[in-house]
Amino acid sequence: MSARKFSVFILSAFFFGSLLLTSCGEASEGNEKASQDDVKSEEQTQEVGYEDLEGAAVSERKEAIKKIFYTIPAPMEMASLIQSSGADFDADLLNDVDNVENYMTQKSQALNLGIYGANLSYTTMFERSKESLFYLSTVKQLADDLGASNIITDNLISRVDSNKENKDSLLNIVSDTFWSLNAKFKEDDMEDVSALVIAGGWIEALHLATNHAEGNAPLRQRIAEQKYSLNDLIKLFATYENQENLSEVMADLDQLQQVFSEIEINKEKTETSTDENGTMVIGGASSVTMSDETLAKVKDSVAAIRAKYIQ
Amino acid sequence: MKFLTVFLPLLLLLPLSSDAQCRSFTKKKCLPELEGYVQNDNFNSAVLIPGDEAELLLTFYADKEYRLLVCGHPILGDLEFEVLDTDEEVVYSNRDVTGESPKNMFDFKVATTQQLIVRIRVPEPEEASTLIHEGCVSVMVGSKES
């Protein structure tokens with residue numbers, strides 16, 4: 001068979017095979033009604049435009065579902081508060097980039113991808129461009145090991161290098177990169193890896209925050225508020241039952257939750273108002289109580305968990 | 001060659017894997033609307049059909065400005081969404097948006113750190129159809145300092 005005939009054969013097989021698949025599940029419907037609906041559906045499709053069909057298809061599913069996303073604030077948000085609260089940059093708090101060679105299992109690679117990602121957010125927020133490039137290269141190495149080599153390309157590293165004096169651009173590149181990694185893992189049915197990256201990043205952000213918290217009231221408040229995020233993280237992990245990779249981390253999070261249970265947050269009824277620009281402001285009285293002893297316990301517990309993950 | 005010219009556009013109409021395309025769709029069609037905000041790095045996208053619901057739970061920090069973007073494939077129609085507090089009290093609904101204001105995004109500030117729930121619903125078509133379209137829906141959150 002010539003190459004041309006072969007390509008015609010492949011295309012024909014794909015086309016007619018897909019038509020058959022599309023019509024599956026509709027055989028029991030009346031032909032006339034199905035035909036009218038097909039026309040309607042084609043019209044609907046044409047309204048959208050052929051060029052915009054990316055992200056849409058004809059569904060094989062009939063029953064409605066409810067999808068729940070448990071989302072954790074990005075490590076970048078904690079790094080932002082650390083920097084804006086006047087804290088000094090402290091390289092000794094970060095995971096050494098040389099440790100990357102120690103991470104041979106998928107679990108340790110995923111956790112440390114999150115940890116190095118939080119370090120990258122921290123160095124970027126403090127405009128430490130040299131360190132940021134080291135951490136980005138380390139993140140790339142782990143992302144490659146985890147099969148996401150197409151996310152952090154040489155082109156992206158060049159972009160970071162050429163934007164190293166532009167903090168806002170760098171912050172966007174870092175956020176976009178971690179969003180793309182998260183998406184890639186979920187697309188590839190590696191949701192456990194995605195959850196481990198998020199957990200690693202959250203633990204590292206908390207480690208950085210607790211080490212800058214002395215005499216820093218806004219940061220203490222933010223650490224106490226992590227009680228909310230820890231609950232969400234535990235709910236996220238609970239959605240992946242029986243995943244061996246996640247069970248040990250889940251146990252660590254449960255242990256940490258016991259410490260966080262000492263923190264009291266009382267939130268009154270939510271109130272809304274609008275500011276001078278017409279933007280809605282969501283508020284309501286709230287009080288957070290965390291003793292020095294509890295802060296010390298949080299710091300120690302996080303340090304112990306982190307030490308286990310980075311070894 | 002002629003065969004390819006005729007059949008390739010038809011192939012575009014076939015049921016492609018929308019799961020695999022969700023990231024690309026979100027990056028091209030949704031991310032640009034978060035310009036000026038630092039996006040949350042969680043990927044909250046799913047392929048949904050009419051009648052489906054999605055919920056997002058997230059902690060929003062005090063003294064920050066947020067943009068919540070509910071971005072769905074146009075084939076699903078206008079998505080409905082609400083923001084609720086943890087007592088399930090509705091704080092915002094895009095059904096109340098009138099005039100030229102965009103219905104797919106909500107800009108707000110937070111005075112007190114709190115958890116909020118974003119509840120999204122894909123509307124059912126007015127007339128039932130045997131062919132059900134599915135499309136990508138992404139919930140994105142961008143933040144910046146107030």
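In what follows, chains carry the letters A, B, and so on, assigned in the order in which the sequence lines appear, proteins first and then strands, with residues in each chain numbered from 1.
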Side chain, backbone, both or neither of B:Val139 within contact of chain A (heavy atoms, under 4.5 Å)
side chain
At a 4.5 Å cut-off on heavy atoms, which part of A:Lys235 comes close to chain B: side chain, backbone, both, or neither?
side chain
Ranking B:Leu34, B:Val38, B:Val141, B:Thr113 by heavy-atom pairs under 4.5 Å to chain A gives rank one to B:Thr113
From B:Gln39 CD over to A:Met76 CE, what is the distance, rounded to the nearest 0.5 angstrom?
9.5 Å
Steps toward side-chain hydrogen bond (donor to acceptor under 3.5 Å, both in side chains) verdict (B:Ser45, A:Lys186):
CA-CA 9 Å; B:Ser45 297; A:Lys186 286 186 176 172; over 6 Å; no
All heavy atoms of A:Lys67 vs all of B:Ala46, minimum pair found to be CG-CB, 4.1 Å
B:Asp52 (side chain) donor-acceptor with A:Ile65 (main chain) under 3.5 angstrom
yes
Between A:Glu63 and chain B, which part of the residue has a heavy atom less than 4.5 Å away: side chain, backbone, both or neither?
backbone
In terms of heavy-atom pairs under 4.5 Å with chain B, which of A:Asp168, A:Ile72, A:Ile265, A:Thr177 leads?
A:Ile72
Would you indicate whether B:Glu145, at its atom CD, is surrounded by more than 12 heavy atoms from other residues, nucleotides or ligands within a distance under 6.0 Å?
yes
Among B:Arg121, B:Lys64, B:Glu65, B:Glu124, the residue with the most heavy-atom pairs under 4.5 Å to chain A is B:Lys64
Interatomic distance, CD@B:Glu55 vs OG1@A:Thr71, rounded to 0.5 Å, equals 11.5 Å
When B:Val91, B:Asp107, B:Ile117 are compared by non-hydrogen pairs under 4.5 Å with chain A, the top option:
B:Val91
From CA spacing to verdict: side-chain hydrogen bond (donor to acceptor under 3.5 Å, both in side chains), A:Asp232, B:Gln115
CA-CA 10 Å; A:Asp232 288 341; B:Gln115 285 189 302; 2.8 Å; yes
Pair count under 4.5 Å, heavy atoms only, with chain B: among A:Asp176, A:Ile198, A:Asn172, highest is A:Asp176
Given the options A:Thr270, A:Asp275, A:Leu81, which has more heavy-atom pairs under 4.5 Å with chain B than any of the others?
A:Thr270
Over all heavy atoms of both residues, which pair between B:Leu31 and A:Trp179 is shortest? Give the atoms and the distance, please.
CD1-CZ3, 4.3 Å
Under 4.5 Å to a heavy atom of chain A? For B:Lys27 that would be both
One thing to verify: whether A:Lys269 and B:Asp87 come together as a salt bridge, which I'm taking to mean a side-chain N less than 4.0 angstrom from a carboxylate O.
no
Contact class of B:Leu116 relative to chain A, heavy atoms under 4.5 angstrom:
side chain
